[in-house]
Amino acid sequence: MKKVYLMLVLLVGLAVLAACSSGDEEANSGSGSEGSSGTDSITAWAWDPAFNIAALEKAKEAYDGDVEVKIIENAQDDIIQKLNTGLSSGTTKGMPNIVLIEDYRAQSFLQAYPDAFHPLTDVINSDDFADYKIATTSFDGEQYGLPFDSGVAGLYVRTDYLEEAGYTPEDLTDITWDEYIEIGKKVKEATGKNMLTLDPNDLGQIRMMIQTNGSWYVDEDGSTPNLEGNESLAKAFETYKKMMDADIGKIVSDWSQFVGAFNSGDVASVPTGNWITPSIKQAEDQSGKWAVVPMPRLDMEGAVNASNLGGSSWYVLNVDGKEEAADFMLQTFGSNADLYQTLVKDIGALGTYSAAAEGDAYAVEDEFFGGQQLLTDLSTWTDEIPGVNYGLHTYAIEDILVTGMQDYLNGTELATVLENVQSQAEAQLK
């Protein structure tokens, strides 16, 4: 009986050890398939149910594979927090296989956790996507992101207000910001309407301005602040102040005031990313009174009439199921032009997959914009956006620049302002 008892104890001990070993293995291998082995199912995280989540659902329908795709909605801030918490701890437990990351934030993850992401260099053809997306989705010679939606910017204009002032959309096509300001003065004189909204606490306008000249807040290394001595940034600050001094801007302080300004007819133009189209169309009584022309450019050598505001891309984490996740990406957002036609028609998602622009969905004439083939135009401008490395600190630097802008508008010399923000950025971002 003693021998039998000892044998039972040994068997129980082995069983416990095996269970613990299994648990440790699961904890360290990640749970990209939410508890599966990574071969039967994969998980994708994204935000915005009407846009990004809807796009994933369409991709899931178009996917020809045996792997189940689980789609989980999280707020963008929650995704950022969860990724930072998980990746900084060194464990991939609870992480998804696929995650959507805003382009302005991508380099902070790629440079901080390069081993956490599965390279897509040999999976997709980066030449199939808009060039400007590649700089922000790649790192150290590897392509990590699959470029998704375009934040291509356009200058949305009220054609009826322009006509009152003696202008047509062609007069605002391929112009500089200085020319835009002069037109804005005439429009306000003729109609009483401001030319645009301005929010000194939101420097999206500055971002769009400097990218027309292929410049950004950081050097090519993506981390060193490039503020003092940045000619494009200085020109953008000067241009912003000119608009304020010309009194052609309606001051707003939040999203609802921004949208309300053009929906109520208070402004004659809206320079911003193409994602604003549905919001402009909310004012159905304004149908036929709008057109979209290329963004103004900085009055500098080499600047172009194309820029970007926003946008995001898909990434595959280096966890179990990464090959299946990469295959899902390739079959859908990485090569399926028909899928992009569906995305445009059903949810209004303008991708950066170049081949998709040749489809019928992009050639549709939009009656709200006077019959303009808006998606075709936006796709053309997408290919012209200068590529820049957004680097690690877009939002942190912009917080500093907001204070600098206030100082500049209140009378501080521009050279002093840029010297101060450079010093602050260097001190805070070490």
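Values below: every heavy atom of this structure, side chains too, minus hydrogens, waters and symmetry copies. When a residue number appears, it is its place in the shown sequence, counting from 1.
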S.K.: Are the side chain of E142 and the backbone of T121 linked by a donor-acceptor contact shorter than 3.5 Å?
M.R.: no
S.K.: Identify every side-chain donor-acceptor pair in residues 194-201 under 3.5 Å, counting partners at least two apart or on other chains, and give the distances.
M.R.:
unit_1: N194; atom_1: OD1; unit_2: K188; atom_2: NZ; d: 2.9
unit_1: D199; atom_1: OD1; unit_2: N201; atom_2: N; d: 3.0

S.K.: Give the ring-plane orientation class for F109 versus Y113, where under 30° counts as parallel, over 60° as perpendicular and anything between as tilted.
M.R.: tilted
S.K.: Who pairs with S138 by side chain to side chain contact (heavy atoms under 4.5 Å, CB included), at least two apart in sequence or on another chain?
M.R.: I134, Q143
S.K.: Which of parallel (below 30°), tilted (30 to 60°) and perpendicular (above 60°) describes F148 and F333?
M.R.: perpendicular
S.K.: Classify the side-chain pair S150/T382 by whether it contains a donor and acceptor separated by less than 3.5 Å.
M.R.: yes
S.K.: Determine whether a donor-acceptor pair (N or O, by modelled atom type, separation under 3.5 Å) exists between the side chain of T136 and the backbone of Y132.
M.R.: no
S.K.: Give the ring-plane orientation class for Y353 versus F129, where under 30° counts as parallel, over 60° as perpendicular and anything between as tilted.
M.R.: tilted
S.K.: Measure from the side-chain N and O atoms of R297 to the backbone N and O of A306, and report whether any donor-acceptor pair falls under 3.5 Å.
M.R.: no
S.K.: Tell me if a side-chain donor or acceptor on Q211 pairs with a main-chain N or O of P386 at a distance below 3.5 Å.
M.R.: yes
S.K.: Main chain of M209, side chain of T212: is a donor-acceptor contact present, judged purely on distance under 3.5 Å?
M.R.: yes
S.K.: Quick one: OH on Y390 to CD on Q107, what's the gap to the nearest 0.5 Å?
M.R.: 11.0 Å
S.K.: Would you say N389's side chain and A135's backbone share a donor-acceptor pair under 3.5 angstrom?
M.R.: no
S.K.: Strictly by modelled atom types, are S256 and D254 linked by a side-chain donor-acceptor pair under 3.5 Å?
M.R.: yes
S.K.: Sequence neighbours excluded, which residues qualify as side chain to side chain contact (heavy atoms under 4.5 Å, CB included) partners of A361?
M.R.: Q341, V344, K345
S.K.: So W216 and Y104, would you call those rings parallel, tilted or perpendicular, with 30° and 60° as cut-offs?
M.R.: parallel
S.K.: Could you tell me whether the side chain of D219 and the main chain of D221 form a donor-acceptor pair under 3.5 Å?
M.R.: no
S.K.: Let me know which of D103, D48, D149 forms a side-chain hydrogen bond (donor to acceptor under 3.5 Å, both in side chains) with S312.
M.R.: D149
